[in-house]
Amino acid sequence: MSKKQELSTEAVGMGRRRFINTAALAGLTTVGLAACNDKAAPSAAPAAPAAPAAGPAAHAGPEVGKYEVAPGQLDDYYSFSSGGHSGEVRIYGLPSGRLFKRIPVFNMDCLVGWGITNESKKILGTKPDGSLKYHTGDTHHVHPSYKDGTYDGRYIFVNDKIHGRLARIRMDTMETDKITELPLVQGFHGVFPDKRDPVDPAINHTTRVFCGGEFGIPLPNDGHDLNKPEAYRSIFTCVDAESMEVRWQVLIDGNCDLVATSYDGKLACTNQYNTENGVHYEDMMSAERDACLFFNVARIEAAVKAGKFKTYGASKVPVVDGSKAANADPKTALTCYVPVAKNPHGVNASPDGKYYACSGKLSPTATLIEHALVLKWFDGELKDPRDTVVAEPEIGLGPLHTGFDGRGNAYTTLFLDSQIVKWNVEAAIKSFKGDKSVNPVVDRIDVQYQPGHGFTSMGETKDADGKFFLSDNKFSKDRFLPVGPLHPETAQLIDISGDKMKLVADHSVYSEPHDSIIIPRSLVRTRQVYDLNDFPNAVKDAKDCRVERKGKKVTIYLTSQAPAFGLREWTVKRGDEVTIILTNLDKVEDLTHGFAIPKYDIQFIVNPQETKSVTFTADKPGVYWCYCTNFCHALHLEMRSRMLVEA
Ligand code: RUQ
Ligand code: CUA
Ligand code: CA
């Protein structure tokens, strides 16, 4: 980095500090953060207008070009990002930051017809009248399936916090193929697949997905006990990765937040910020320590097999007792509550499989727990769960999420300090043992502003490559052209390949990315066109286009092939229940057609060799132009058919 560039980067930092210093602290003091605070920190809701921006000059220079992707060139990495309360998942290219695709998951999407076609409605879930059960979703965490400790390119799992659902995305088509609603759960936050089987070494891939229930609720939650929070419980859930059926659940004390899994398949864990079982924020932050809660997967499954479980309400899923009181004896315990720094947020397993880093959030520390010691505790060889903690470095204010570079360093986002801090794991352990000559913190870099999630390229696998860290920031303020009160968020790309972190790009992202993963492009193998035979209802030949009537039920068998649909017109009667099955017979890569019916609220696309269907009631007599929505051909505008609904 040039001297000039260094200086201007420094100036950015200063500007930020000044802005932060003048920001109202009221919000902070009311939530008590000032207690663990020796310098001014930003309010979570900045009220003052932004300070003058650093401007593009701050990052100009020869270094930047290195991370640009020239026209016609491809990115080295994919980034899969949750879209927060948009309910979707997004695919970006890195280092360019180009947005490639938005995958509808729990939301509706009129581009592809998600929530409109019969096939997508079946996955999303419907009420008895055929309408969607839910229209909203809140995706937080995306994690792909594993084989041998690294991604196998099959699936991506993503949670829905609001309605407690787990979705699976097929990585060959990048489409959602299954959604499961978890019983007894409100506020499903952390999700993580296992990395191998806990007992059978031959099973070295993902077969379970672990889901952390965040909000405690009465069980069953059928209309009582508002003022009896002692009766509220949170639940940890295991879902079968193939069938997507719920295998078992664990009743716990406290809540679940993020989830991580061990590389040997033996343990899953969740950080707990509300060990107090509080219902108001002051209750939730009353204890000096909270916990990282470990689950012994093999023991839980043995308990389920032995029938040592309960069921609640209408749910048939076995629920074992993971409460503290029931698991006091380590030798039989299903769970282990390790005390960690106050109100932690985030737990991440190191790529060597040895440690879990749990950030303090309300404490300026991260707690490092050693995997082997947790196993020792379960073997009865360690008395105190706290003895599994091997380091607790002071790293800065508001630590949240940690990524690893595979070279022994951890990178933690500091929400309050608006920084990424790089700390060395072995140095942190030494200093915890009393060696005051080592400082675990090796570098810090300002980010703009208030990072939430941060993650490294392949950092959640044994193949962590130590190239990039992406900081998903919660505020962008002055970093982009103003677009009204709803600002974009910033995803900042940091090169971590050297000793010093280097900020190399600001990417704007639409609200609100929570978490992402960075995967080299070689691990992603997608299909370029569909296979006609994958669709049992495919209309395989334009000659098969027809109208079939059974009483009031009418089915239109239709094909698309640029620049025409297989039927030029068809007639139905008012009151008919009409199903249109549309197969795109075009085989050319990227030749997608759309299908829209005005006033009937029908709109979807069919990709090459794909089949989709819609069903609606023909309740509005008239002539309707069914037209192609996706520009496909010089005669795209001419690509239309007519539907007559007879009065
Ligand atoms: S949480 S900003 Cu939903 Cu992933 Cu940490
Ligand atoms: Cu077919 Cu446009
Ligand atoms: Ca707490």
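Indexing begins at 1, ligand by ligand and atom by atom, following the structure's order.
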Q. Run the side-chain hydrogen bond (donor to acceptor under 3.5 Å, both in side chains) check on His189 and Asp257 step by step: do they pass?
A. CA-CA 6 Å; His189 197 193; Asp257 190 22; 2.6 Å; yes
Q: Specify which N/O/S atom of His189 comes nearest to atom 3 (Cu) of ligand 1, by atom name.
A: NE2
(Q) Whether Asp160 and Arg165 form a salt bridge (side-chain N of Lys/Arg under 4.0 Å from carboxylate O of Asp/Glu) is what I want to check. (A) yes
**Q.** For atom 5 (Cu) of ligand 1: protein N/O/S atoms at distances below 2.8 Å
**A.** 2
**Q.** Under 3.5 Å side-chain donor-acceptor pair for Asp290 and Thr275
**A.** yes
Q. What angle, in degrees and rounded to 10°, do you get at the Ca ion (ligand 3) when you join it to O of Met284 and to OD1 of Asp290?
A. 150°
Q: Go through the side-chain N and O atoms of Ser641 and Trp570 and say whether any donor and acceptor fall under 3.5 Å apart.
A: no
Q. Can you tell me how far the CG atom of Asn348 sits from the OG atom of Ser359, to the nearest 0.5 Å?
A. 7.0 Å
Q) Is Glu489 salt-bridged to Lys474, cutoff N-O under 4.0 Å? A) no
Q: Please confirm if an N, O or S atom belonging to Thr275, backbone or side chain, lies less than 3.0 Å from the Ca ion (ligand 3).
A: no
Q: Identify, by atom number and element, the atoms of ligand 1 in contact range of His141, meaning under 4.0 Å from any of its heavy atoms.
A: 1 (S), 3 (Cu), 4 (Cu)
Q. With a 3.5 Å cut-off and no angle check, do the side chains of Ser516 and Ser81 form a donor-acceptor pair?
A. yes
Q | Contact check: Tyr273 to the Ca ion (ligand 3), N/O/S below 3.0 Å | A | yes
**Q.** Atom of Val374, atom of Leu267 and distance for their closest heavy-atom approach
**A.** CG1-CD1, 3.7 Å
